[in-house]
S.K.: 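Sending over a structure as structure tokens; questions will come in a sec.
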Amino acid sequence: MAQIVKHVELQPETIRAFETYVRTAEAAMEKTLQPSGPFLWCDEESERNRKVRAAEVVTQIWAGSGPGKVPHGLIHDWIGSAFAPQATIFQLLALIQNYDNHKNIYQPEVMDSKLVQRDGNDFQIFLRLLKKKIITVVLDTRHEVHYRAFGKSRWECRSYTTQISEVEDPGTPNEKILPPDTGYGFLWRLYSYWRFEERDAGVYLECRAISLTRDIPFGLGWAIQPIIQQLPQESLADTLAKTRTALQAKTRTTSFV
């Protein structure tokens, strides 16, 4: 089935449109970091906060009803929120900054994970990702990750992919890593914006994920649409849920020490 979908290459006008979108989004994010407004997205609506406090993982497309169209591509912008009771923000930071362990926390989507370099609150990491929905795609990805503290109880984390390469025949003698920005185009960029706040006897964790994929060619929506349009939301919800589960396990272990 994968042979039906032809390889494509990321075009300059596509990445320019994505970068313009990101600049606008980040400028708006900076405004919400002012002390006068809510730090968390879930605090903007009381019903949304109630659901998060009730152990729901709440996700929502940032605006509109579907991905934004750009030349030869689609921009996906989702946000989600979860709450981990009895946890502390330093337990959360210790968990998520242990990048060598992400392959255990986030399996099977994260097949391998490595810390490449750390300089204080700045990290460079490697993740091998599995994307599977009708078509299976394996991606070698590199990320820059930056953390900022806002007092003792609030932190922000921004993660940017710096390279994404598709992997053909992964784990076999014929494994081949394609040049960046070539292949099926199911993930060209992934920028993640996390916020953490410790309060209400626990930790809130939120993530806004902005990603860039190929567009959907005419006649192949049945093959491409599920992996392009459904996976961004599903991956976000799964990441939040698995982070909370791992944090709660860590909290229970610590409480017995």
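Throughout, residue positions are numbered sequentially from 1 according to the sequence presented.
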S.K.: Do Leu74 and Trp188 land in one hydrophobic cluster if side-chain heavy atoms of ILVMFWY residues count as linked below 4.5 Å?
M.R.: no

S.K.: For the pair Gln107 (side chain) and Asn104 (backbone), establish whether a donor and an acceptor sit closer than 3.5 Å, ignoring hydrogens and angles.
M.R.: yes

S.K.: Quick check for you: to the nearest 0.5 Å, what is the distance between Asp77 atom CG and Leu212 atom CG?
M.R.: 12.0 Å

S.K.: Hey, any chance Ile105 and Tyr99 share a hydrophobic cluster, counting ILVMFWY side chains that come within less than 4.5 Å of each other, even indirectly?
M.R.: yes

S.K.: With side chains defined as the heavy atoms from C-beta onward, is the minimum distance between Trp194 and Thr239 less than 4.5 Å?
M.R.: yes

S.K.: Can you confirm whether Asn49 sits close enough to Leu40 that some side-chain heavy atom of one is under 4.5 Å from a side-chain heavy atom of the other?
M.R.: no

S.K.: One thing to verify: whether Lys131 and Glu109 come together as a salt bridge, which I'm taking to mean a side-chain N less than 4.0 angstrom from a carboxylate O.
M.R.: yes

S.K.: Decide, yes or no, whether a salt bridge links Glu156 with Arg158 under the criterion of side-chain N to carboxylate O below 4.0 Å.
M.R.: yes

S.K.: Which heavy-atom pair separates Glu197 from Phe39 by the least distance, and what is that distance?
M.R.: OE1-CD2, 3.9 Å

S.K.: For Gln163 and Pro180, indicate whether the former's side chain and the latter's backbone hold a donor-acceptor pair under 3.5 Å.
M.R.: no

S.K.: Is it true that Arg128 and Glu175 have a side-chain N and a carboxylate O under 4.0 angstrom from each other?
M.R.: yes

S.K.: Passes side-chain hydrogen bond (donor to acceptor under 3.5 Å, both in side chains), Tyr204 versus Asp43? Steps please.
M.R.: CA-CA 10 Å; Tyr204 291 88; Asp43 288 336; 5.4 Å; no

S.K.: If you measure from the Lys or Arg side-chain nitrogens to the Asp or Glu carboxylate oxygens, is any gap between Arg16 and Glu19 under 4.0 Å?
M.R.: no

S.K.: Going hydrophobic residue to hydrophobic residue with side-chain gaps under 4.5 angstrom, can you get from Leu127 over to Leu130?
M.R.: no

S.K.: Quick check: closest heavy atoms across Ile61 and Ser65, and the distance to 0.1 Å?
M.R.: CD1-C, 3.9 Å

S.K.: For a side-chain contact (heavy atoms from CB on, under 4.5 Å) check, start with the C-alpha distance between Gln97 and Tyr147, then their side-chain angles and the critical distance, and finish with the verdict.
M.R.: CA-CA 10 Å; Gln97 290 179 353; Tyr147 291 82; 3.5 Å; yes

S.K.: Give a yes or no on whether the backbone of Ile96 and the side-chain of His102 come within a donor-acceptor separation of less than 3.5 Å.
M.R.: yes

S.K.: Check the side chains of Thr59 and Gln233 for a donor-acceptor pair under 3.5 angstrom, ignoring hydrogens and angles.
M.R.: yes

S.K.: Are Trp41 and Ile210 in one and the same hydrophobic cluster, where Ile, Leu, Val, Met, Phe, Trp and Tyr link if side-chain heavy atoms are under 4.5 Å apart?
M.R.: no

S.K.: Are Val58 and Phe83 linked, directly or through intermediate hydrophobic residues, by side-chain heavy-atom contacts shorter than 4.5 Å (ILVMFWY only)?
M.R.: yes

S.K.: Parallel, tilted or perpendicular: which fits the ring planes of Tyr160 and Tyr191, with parallel below 30° and perpendicular above 60°?
M.R.: perpendicular

S.K.: Tell me, do Arg214 and Phe186 make a side-chain contact under 4.5 Å, heavy atoms counted?
M.R.: yes

S.K.: Counting distance only, does the side-chain N/O of Glu206 pair as donor-acceptor with the main-chain N or O of Cys42 below 3.5 Å?
M.R.: yes

S.K.: With side-chain contact (heavy atoms from CB on, under 4.5 Å) as the test, would you mind laying out the steps for Ile75 and Phe18 before giving the verdict?
M.R.: CA-CA 7 Å; Ile75 296 176; Phe18 178 75; 4.0 Å; yes

S.K.: How long is the span from the CG atom in Leu10 to the OG1 atom in Thr213, to the nearest 0.5 Å?
M.R.: 10.5 Å

S.K.: State, with a plain yes or no, whether a side-chain heavy atom of Phe196 is found less than 4.5 Å away from one of Glu198.
M.R.: no

S.K.: To the nearest 0.5 Å, what is the distance between CG on Leu115 and CZ on Phe126?
M.R.: 13.0 Å

S.K.: Could you tell me if the side chain of Val22 sits less than 4.5 Å from the side chain of Arg189, heavy atoms only?
M.R.: no

S.K.: What is the distance from atom CG of Leu187 to atom CD1 of Ile164, rounded to the nearest 0.5 Å?
M.R.: 4.0 Å

S.K.: Tell me, do Leu92 and Thr243 make a side-chain contact under 4.5 Å, heavy atoms counted?
M.R.: yes

S.K.: Is any NZ, NE, NH1 or NH2 atom of the basic residue among Asp215 and Lys69 found under 4.0 Å from an Asp or Glu carboxylate oxygen of the other?
M.R.: no

S.K.: Taking the side chain as everything from C-beta on, heavy atoms only, tell me whether Arg195 gets closer than 4.5 Å to Thr32.
M.R.: yes

S.K.: I'd like to check Asp100 versus Lys114 (side-chain heavy atoms, cut-off strictly below 4.5 Å). Are they in contact?
M.R.: yes

S.K.: Taking atom NZ of Lys51 as the centre, does the number of heavy atoms from other residues, nucleotides or ligands within less than 6.0 Å exceed 12?
M.R.: no

S.K.: What's the spacing between Leu190 CG and His143 NE2 if we round to 0.5 Å?
M.R.: 7.0 Å

S.K.: I would like to know whether Val145 and Cys157 meet side-chain contact (heavy atoms from CB on, under 4.5 Å); could you show each step before the answer?
M.R.: CA-CA 7 Å; Val145 189; Cys157 168; 3.4 Å; yes

S.K.: Testing the basics here: between Ala94 and Lys250, what is the closest heavy-atom pair and its distance to 0.1 Å?
M.R.: CB-CE, 4.3 Å

S.K.: His72 vs Val8, test: side-chain contact (heavy atoms from CB on, under 4.5 Å). Steps then yes/no.
M.R.: CA-CA 10 Å; His72 313 295; Val8 292; over 6 Å; no

S.K.: Validate the cation-pi geometry between Arg208 and Tyr193: distance from NZ or CZ to the six-membered ring centre under 6.0 Å, angle to the ring axis within 45°.
M.R.: no

S.K.: What pair of heavy atoms forms the shortest contact from Val70 to Thr14, and how long is it?
M.R.: CG2-CG2, 4.2 Å

S.K.: Taking Asp140's backbone N and O only, do any of them form a donor-acceptor pair with Ser165's side chain (distance below 3.5 Å, no angle check)?
M.R.: no

S.K.: How many angstroms lie between CD in Gln124 and CD in Gln117, if you round to the nearest 0.5 Å?
M.R.: 4.5 Å

S.K.: Which heavy-atom pair separates Leu240 from Ser81 by the least distance, and what is that distance?
M.R.: CD1-N, 3.6 Å

S.K.: Quick one: closest heavy-atom pair of Gln60 and Trp78, and the distance?
M.R.: C-CE3, 3.2 Å

